[in-house]
Amino acid sequence: MTSLGHDDALSGVAASDARTTELARRLEVVQARISAATAAAGRVDLPGLIVVTKFHPAADVRRLATLGVRDFGENRDQEAAGKSAELTDLDVRWHFIGQLQSKKAKSVAKYAYSVQSVDRPQVIEALEKAVARERDLTGRHDLECYIQVSLDDDAGAHRGGARPSEVESLAAKIASSPGLKLAGVMAVAPLGADPEAAFERLAVVSAEVRANHPEASGVSAGMSQDLEAAIKFGATHLRIGSDILGSRPAVG
């Protein structure tokens with residue numbers, strides 16, 4: 001994940017590139033929030049930052065890469081595939097964070113470092129096959145998989161995710177699938193709910209997973225509006241979009 005200690009984030013930024021300057025300032029503000037929240041939680045380890053670039057152009061990814069960002073999140077395969085193909089010269093990692101249809105697994109396996117939205121057995125099976133095929137073609141590394149946990153009472157009817165009671169069976173299936181690496185859990189705080197209560201529930205689920213799979217220590221939680229709560233309850237990865245990139249570009 002990208003380093004968060006860039007006090008000199010503005011250094012080296014071309015004054016003529018107003019967008020890069022804007023991104024650098026926004027990134028600094030978010031990094032300061034993360035550092036403050038980490039200290040307030042009594043933690044030493046800074047969580048990794050994944051910048052969610054959905055709806056924003058590949059040029060913004062390139063700008064952020066010059067500012068030290070290495071990890072980028074996308075939630076639509078078509079957009080992610082296009083950006084990753086355009087930016088093959090960059091040393092960056094792509095994280096797929098949207099709901100994944102099994103038929104898209106073959107495409108996602110071409111570029112993704114991780115899939116953070118695994119929530120049903122069919123997706124695991126599709127990813128296992130896709131990664132095996134891609135490994136034969138390109139020698140790709142294992143695909144990191146996070147189980148998306150629904151913290152909604154409706155068990156993910158709106159945002160996806162597995163019920164907490166389903167997580168262990170999914171974890172065992174990922175752990176036994178060649179080419180897949182069980183990385184941990186992911187969740188989105190329910191709309192209108194207390195994010196601290198939601199992320200406290202996620203921390204319990206994470207502990208249950210780690211009891212059987214100690215290597216699955218990742219907790220991907222927290223976005224622009226609730227990163228402090230996520231850090232308080234152990235997030236190891238944050239997915240931040242609008243506070244760094246601003247509003248979505250107008251569609252012309």
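The basis for the numbers below is simple: all heavy atoms, side chains too, and nothing from hydrogens, waters or symmetry mates.
What you find for Arg201 and Pro164 is that their closest heavy atoms are NH2-CG, 4.4 Å.
A heavy-atom distance below 4.5 Å is not found between the side chains of Ile147 and Arg120.
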Would you mind writing out the side-chain donor-acceptor pairs for residues 215-223 within the sub-3.5 Å range, not counting sequence neighbours?
{"residue": "Ser220", "atom": "OG", "partner": "Gln116", "partner atom": "OE1", "Å": "2.6"}
{"residue": "Ser220", "atom": "OG", "partner": "Arg239", "partner atom": "NH1", "Å": "2.9"}

If you look only at distance, which donor and acceptor atoms sit under 3.5 Å apart when one is on a side chain in residues 190-200 and the other is two or more places apart or in another chain?
{"residue": "Asp194", "atom": "OD1", "partner": "Glu196", "partner atom": "N", "Å": "3.1"}
{"residue": "Glu196", "atom": "OE1", "partner": "Lys232", "partner atom": "NZ", "Å": "3.1"}

Contacts table for residues 44-53: side-chain donor-acceptor under 3.5 angstrom, sequence neighbours left out:
{"residue": "Asp45", "atom": "OD2", "partner": "Arg43", "partner atom": "NH2", "Å": "3.2"}
{"residue": "Thr53", "atom": "OG1", "partner": "Glu74", "partner atom": "OE2", "Å": "2.6"}

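Here Tyr113 and His95 bring their ring centres to under 6.0 angstrom of each other.
For Lys54, there are no side chain to side chain donor-acceptor pair (under 3.5 Å) partners at least two apart in sequence or on another chain. For Arg62, the side chain to side chain donor-acceptor pair (under 3.5 Å) partners are Asp89, not counting sequence neighbours.
Between Asp60 and Arg63 a salt bridge is recorded (basic side-chain N to carboxylate O distance below 4.0 Å). Looking at Lys83 and Glu86, no side-chain N of the basic residue comes within less than 4.0 Å of a carboxylate O on the acidic one, giving no salt bridge. Between Arg25 and Glu22, no side-chain nitrogen of the basic residue sits less than 4.0 Å from a carboxylate oxygen of the acidic one, so the salt-bridge criterion is not met.
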Asp243 and Gln225: CA distance, side-chain angles, deciding distance, side-chain hydrogen bond (donor to acceptor under 3.5 Å, both in side chains) verdict: CA-CA 8 Å; Asp243 274 12; Gln225 69 274 17; over 6 Å; no

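Within the structure, the side chain to side chain donor-acceptor pair (under 3.5 Å) test picks out the following pairs touching residues 101-110 (sequence neighbours left out): Asp77-Ser107.
Ring planes of Tyr146 and His237: perpendicular class, angle over 60° (limits at 30 and 60°).
Hydrophobic clustering of Ile, Leu, Val, Met, Phe, Trp and Tyr side chains at less than 4.5 Å, counting indirect connections, unites Leu245 with Leu90.
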